[in-house]
Novice: 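Sharing a structure below in structure tokens format, with a few things to ask.
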Amino acid sequence: MSERKVVASEAQQTPGDLAPAGISVPPGRRRLGAGEPSRPGPDGTGGRRRSPAARPSGVHPRRRDSGRGAARTIAAAWPYLLVLPTVAGTAYLLFYPLLRSVVISFQHFRTGELIRGGAAFVGLENYQDVLGSAEFWTVVRRTLVWTAVNVVLIMVISTFTALMIARLGRRMRLAVMSGLVLTWATPVLAATTVFQWLFQSRLGVVNWALVSLGFDSFDGFSWFANGQATFAIMVLLVVWQSVPFAALTLYAGLTTIPAELYESARIDGAGAWQIFRDVTFPMLRPLFGLITSLEVIWVFKCFAQIWAITQGGPDDATTTLPVYAFQVAQSLHKYDLGSAISTLTVLILLVVLVAHLRRMYKHEGEGL
């Protein structure tokens, strides 16, 4: 009991009373009374600071936090570092030829400059020569007609094919989709060779079938000697190669449309055309726009099929801008004019795509 009284009395003493007892109290501080909880210090240790010896050994806390931050940064950037070589290589293969072509289009670059170098800068002279040529504008019109005919046929046939696949049974759907995939996987030059054989004048299957049906005028008919017939064959070839991708993509989009929308439309008395116009097409409008843009690009820059079969003939009936640029650059060895035509081809394609995309976004905004 006497010890408790002594402790209580010391706890009730003020700093002035503690000084004579030999206990020093810093100014502005007071000794805690009995039962008064201690205030936590800035380090959460109840007001008592840890001595350096009491801290855990190892890395300083600030250094530990900086190390963790660097590790998190590396972990976040690691996927980008993995794809960086591929992106860099692809960018080099795509942009370097384009930039090189643009540079040559502003130079006088013929066979002599190709061998010894030192091409002179001529400004817009090559573009003036190309734009002032009537042949160039004839090729531009033919290219636009070529693109429009192919893209319209591709989109119409692909839409009907996708709708047909959606209505087929499981086995027939699998068979049709397998055929489309095989058609799509056929190499371009292999398909081109097949079409050359089909329309061969003497041994072609097409002429044989037409003669068998009573069309004797097609006996020995030379399809590739007639400009319009050749143009039609090239359109048929490109459409045949392009429909599988568009049809399968549209079918994939059809599978995402809820069946309840079709049931509601049928209950309201809508027919097949009304269902497509009011349900299917609005739901797949972005997909239709994307596929149309891709087909415009692929058809506009089509080169391999035309060059392998006709090389732009007969009588330039199948000469499009890519073929024309290659003819000028390689056949006439006018690489500067060929580069100018290639650059103008890219610009025309960009104008067509921007106009199409602006129209598509405008329709989407009205739909919202």
Novice: Can you tell me how far CG of Leu261 sits from CG of Asp278, rounded to the nearest 0.5 angstrom?
Specialist: 11.5 Å
Novice: Could you walk me through whether Phe281 and Thr159 pass the side-chain contact (heavy atoms from CB on, under 4.5 Å) check?
Specialist: CA-CA 10 Å; Phe281 185 75; Thr159 301; over 6 Å; no
Novice: Answer whether the closest heavy-atom distance between the side chains of Thr138 and Arg141 falls below 4.5 Å.
Specialist: yes
Novice: State, with a plain yes or no, whether a side-chain heavy atom of Leu294 is found less than 4.5 Å away from one of Phe245.
Specialist: yes
Novice: Check whether Val181 and Tyr251 end up in the same hydrophobic cluster, where Ile, Leu, Val, Met, Phe, Trp and Tyr are linked by side-chain heavy atoms less than 4.5 Å apart.
Specialist: yes
Novice: Quick one: CG on Leu349 to NZ on Lys301, what's the gap to the nearest 0.5 Å?
Specialist: 9.5 Å
Novice: List the atom pairs, with distances to 0.1 Å, where a side-chain N or O of residues 335-344 and a protein N or O form a donor-acceptor pair under 3.5 Å, not counting sequence neighbours.
Specialist:
unit_1	atom_1	unit_2	atom_2	d
Tyr335	OH	His333	ND1	3.3
Asp336	OD1	Arg110	NE	3.0
Asp336	OD2	Phe109	N	3.3
Asp336	OD2	Arg110	NE	3.0
Ser339	OG	Tyr335	O	2.8
Ser342	OG	Gly338	O	2.9
Thr343	OG1	Ser339	O	2.9

Novice: Between Gln305 and Cys302, what is the shortest heavy-atom contact and its length?
Specialist: OE1-SG, 3.1 Å
Novice: What are the two closest non-hydrogen atoms of Ala246 and Ile154, and how far apart are they?
Specialist: CB-CG2, 4.3 Å
Novice: Can you tell if the side chain of Phe136 reaches within under 4.5 Å of the side chain of Leu321, non-hydrogen atoms only?
Specialist: yes
Novice: Taking all non-hydrogen atoms of both residues into account, name the closest pair between Gly269 and Gln274 and its distance.
Specialist: O-OE1, 3.9 Å
Novice: Side chains of Met177 and Leu248: closer than 4.5 Å at any heavy-atom pair?
Specialist: yes
Novice: If only atom types and distance count, is the side chain of Thr90 paired as donor or acceptor with the main-chain N or O of Val87 below 3.5 Å?
Specialist: no
Novice: Do you know which two heavy atoms are closest between Ala119 and Glu113, and how far apart they sit?
Specialist: CA-CG, 3.7 Å
Novice: Using the rule that two of Ile, Leu, Val, Met, Phe, Trp, Tyr join whenever any of their side-chain heavy atoms come within less than 4.5 Å, decide whether Val243 and Val149 are in one cluster.
Specialist: yes
Novice: Classify the side-chain pair Asn207/Trp223 by whether it contains a donor and acceptor separated by less than 3.5 Å.
Specialist: yes
Novice: Identify whether Leu237 and Val205 are in the same connected component of the hydrophobic contact network (ILVMFWY, side-chain heavy atoms under 4.5 Å).
Specialist: yes
Novice: Going through the distances and angles, do Thr280 and Tyr262 end up as a side-chain hydrogen bond (donor to acceptor under 3.5 Å, both in side chains)?
Specialist: CA-CA 9 Å; Thr280 304; Tyr262 292 114; 3.1 Å; yes
Novice: Indicate yes or no: at least one non-hydrogen side-chain atom of Leu210 is less than 4.5 angstrom from one of Asp216.
Specialist: no
Novice: Ignoring hydrogens and geometry, is there a side-chain-to-backbone donor-acceptor pair from Arg202 to Gly220 under 3.5 Å?
Specialist: no
Novice: Under the ring-ring contact (aromatic ring centres under 6.0 Å, His included) criterion, do Phe300 and Trp146 qualify, and how do the steps go?
Specialist: CA-CA 8 Å; Phe300 196 92; Trp146 159 266; over 10 Å; no
Novice: How far apart are the closest heavy atoms of Val139 and Thr319, and which atoms are they?
Specialist: CG1-O, 3.7 Å
Novice: Where do Ala162 and Leu254 come nearest, in terms of heavy atoms and distance?
Specialist: O-CD1, 3.6 Å
Novice: Indicate if Phe199 and Trp197 have the same hydrophobic cluster label, given that clusters are the connected sets of ILVMFWY residues with side-chain heavy-atom separations under 4.5 angstrom.
Specialist: yes
Novice: Verify, without hydrogens or angle tests, whether Ser133 (side chain) and Asp129 (backbone) share a donor-acceptor contact under 3.5 angstrom.
Specialist: no
Novice: Can you list every pair that meets ring pair (Phe, Tyr, Trp, His ring centres under 6.0 Å) and has a residue in residues 113-132, with sequence neighbours left out?
Specialist: Phe106-Tyr127
Novice: Under the criterion side-chain contact (heavy atoms from CB on, under 4.5 Å), I'd like the reasoning laid out for Thr143 against Tyr324: C-alpha separation, chi angles, the key distance, then a yes or no.
Specialist: CA-CA 10 Å; Thr143 304; Tyr324 182 59; over 6 Å; no
Novice: I'd like to know if the side chain of Gln327 pairs up with that of Gln311 as donor and acceptor (distance under 3.5 Å, no hydrogens or angles considered).
Specialist: no
Novice: Might you work through the side-chain hydrogen bond (donor to acceptor under 3.5 Å, both in side chains) test for Thr310 and Thr318, ending with a clear yes or no?
Specialist: CA-CA 7 Å; Thr310 66; Thr318 57; 2.8 Å; yes
Novice: Looking at Ala252, is its backbone amide N or carbonyl O close enough to the side chain of Thr255 to form a donor-acceptor pair, meaning the two atoms are under 3.5 Å apart?
Specialist: yes
Novice: Would the distance check show the side chain of Arg142 and the main-chain N or O of Asp316 forming a donor-acceptor pair, the cut-off being under 3.5 Å?
Specialist: yes
Novice: Tell me if the CZ atom of Phe215 is crowded by more than 12 foreign heavy atoms within 6.0 Å.
Specialist: no
Novice: Verify the neighbour count for atom CG of Asp315: are there more than 12 heavy atoms of other residues, nucleotides or ligands below 6.0 Å?
Specialist: no
Novice: So with a 6.0 Å cut-off around CH2 of Trp208, is the heavy-atom count from everything else above 12?
Specialist: no
Novice: Just wondering, do Leu84 and Tyr80 contact through their side chains at under 4.5 Å, heavy atoms?
Specialist: no
Novice: Please work out whether the ring planes of Phe218 and Phe221 are parallel, tilted or perpendicular, with thresholds of 30° and 60°.
Specialist: perpendicular
Novice: Ignoring hydrogens and geometry, is there a side-chain-to-backbone donor-acceptor pair from Ser105 to Val102 under 3.5 Å?
Specialist: yes
Novice: I'd like to know whether Ser293 forms a side-chain hydrogen bond (donor to acceptor under 3.5 Å, both in side chains) with His356, so could you lay out the CA-CA distance, the side-chain angles of the two residues, the decisive distance to 0.1 Å, and finally the verdict.
Specialist: CA-CA 8 Å; Ser293 300; His356 169 68; 3.3 Å; yes
Novice: Same cluster or not: are Val188 and Val239 linked, directly or through other Ile, Leu, Val, Met, Phe, Trp or Tyr residues, by side-chain heavy atoms under 4.5 angstrom apart?
Specialist: no
Novice: Could you check whether any side-chain heavy atom of Gln241 comes within less than 4.5 Å of a side-chain heavy atom of Thr183, counting everything from C-beta outward?
Specialist: no
Novice: Just wondering, do Pro322 and Thr320 contact through their side chains at under 4.5 Å, heavy atoms?
Specialist: yes
Novice: Should the heavy atoms of other residues, nucleotides or ligands under 6.0 Å from CZ of Phe160 be counted, would the total exceed 12?
Specialist: no
